[in-house]
Protein chains: 2
Amino acid sequence: MSRTTGNADVFAAIADPTRRAILDLLSQGEQPVKQIAQPFSMSLPAISQHLSVLCEVKLVTQRKEGRQRFYRLNPEPLKQVFNWVSYYEQFWQDKLDVLGNYLEDNP
Amino acid sequence: MSRTTGNADVFAAIADPTRRAILDLLSQGEQPVKQIAQPFSMSLPAISQHLSVLCEVKLVTQRKEGRQRFYRLNPEPLKQVFNWVSYYEQFWQDKLDVLGNYLEDNP
DNA sequence: GTTTTAGTTAAGCAAACACTTAACTATTGT
DNA sequence: ACAATAGTTAAGTGTTTGCTTAACTAAAAC
């Protein structure tokens with residue numbers, strides 16, 4: 001299995017800026033849909049659909065309380081993104097090393 | 001400026017598994033298009049188009065040599081992804097802490 | 001100079017995406 | 001019971017995406 005396989009569609013889920021903003025919002029704590037929707041200039045169904053996408057890839061979980069649905073961040077799937085992108089850290093780190101060595105050799 | 005703004009479409013670029021695989025491939029070093037295309041069951045134009053997308057968000061650079069085009073990984077834009085996702089590290093770290101505290105309190 | 005080789009660009013297409021409005025379900029308040 | 005509130009589901013639409021094949025450009029080889 002390659003490094004890329006199995007990441008499913010978490011990458012696709014966070015490709016949308018609105019969904020990333022929703023995750024950022026939920027990092028403050030769980031919130032009902034209306035409150036989530038408030039900062040966005042977008043219909044409520046649109047937000048609901050974005051939440052469905054996030055739900056499907058398990059980036060959020062749902063809790064029902066009365067007629068409200070509280071959505072909560074579930075960060076675990078982001079580990080896949082973190083792991084994938086972390087691999088590339090060495091490359092910009094390497095570049096820093098090159099610069100560092102250059103500065104050492106040319107004081 | 002929110003944490004999400006300015007990430008441009010790097011997130012969209014890496015949403016596609018083929019493009020992630022291409023980046024993985026190029027992490028081994030620069031390669032001409034034909035060599036990049038080889039592991040994929042996809043037409044050459046398809047790969048060329050994927051490379052264009054990666055080029056547009058500056059995740060790869062091009063070098064022309066004879067009739068070959070060598071593509072090289074440029075990891076810098078991935079920092080945006082790294083920075084965004086790193087913020088969430090605390091949340092799965094926090095969960096570990098919660099577990100850690102629980103284990104401490106319940107030896 | 002014609003033919004390979006390497007690759008991009010053009011045109012077209014089916015599927016997916018990000019919305020919208022309208023209709024629906026379920027809970028709460030009167 | 002009835003209306004208001006919270007949210008989802010359905011249906012429709014314009015745009016974007018990921019591919020294809022065919023036509024093109026440019027360098028190399030013969």
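These numbers come from the heavy atoms of this one structure, side chains and all, not from hydrogens, waters or symmetry mates. Order of the sequence lines fixes the chain letters, A, B, ..., with proteins taken first and strands second; residue numbering starts at 1 for each chain.
- Residue Tyr71(B) has a polar side-chain atom (N or O) positioned under 4.0 Å from OP1 or OP2 of dT8(C).
- Taking every heavy atom of residues 52-66 of chain B and every atom of DNA chain D, pairs under 4.0 Å involve Lys64(B), Gly66(B), by number.
- Between Leu51(A) atom CG and dA6(D) atom P there is a gap of 16 Å when expressed in whole angstrom units.
- Although no hydrogens or angles enter the test, the distance criterion places a donor-acceptor pair under 3.5 Å between the side chain of Arg20(A) and the main chain of Ala15(A).
- Using the six-membered ring where Trp is involved, Phe82(A) and Phe82(B) have ring planes that are parallel, under 30° apart on the 30 and 60° scheme.
- Using cut-offs of 30° and 60° for the angle between ring planes, the Phe91(A) and Tyr87(A) rings count as perpendicular.
- Counting only N and O atoms by type, the side chains of Gln62(A) and Tyr71(A) include a donor and acceptor under 3.5 Å apart.
- An OP1 or OP2 oxygen of dC19(C) is reached within less than 4.0 angstrom by a side-chain nitrogen or oxygen of His50(A).
- With dT8(C), dT20(C), dG18(D) as the candidates, the nucleotide lying closest to the side chain of Arg69(B) is dT8(C).
- Between Val53(B) and Asp16(B) there is no side-chain heavy-atom pair separated by less than 4.5 Å.
- With values rounded to the nearest 0.5 angstrom, Gln49(A) atom CD is found 7.0 Å from Ser43(A) atom OG.
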Distances under 3.5 Å between protein N/O atoms and the N/O atoms of nucleotides 12-16 of chain D, please, pair by pair.
none

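- In terms of position on DNA chain D, the residue among Arg67(A) and Ile47(A) whose nearest nucleotide sits closer to the 5' end is Arg67(A).
- Contact annotation: Ser48(B) side-chain N/O to dG7(C) OP1/OP2 distance is not under 4.0 Å.
- Remark: Arg19(B) is in phosphate contact with dG18(D), judged by side-chain N or O atoms under 4.0 Å from OP1 or OP2.
- Contact check of residues 37-45 of chain B against DNA chain D (heavy atom, cut-off under 4.0 Å) returns Met42(B), Ser43(B), Pro45(B).
- Checked against dC19(C), dT8(C), dG18(D), the side chain of Val33(B) finds its nearest nucleotide in dT8(C).
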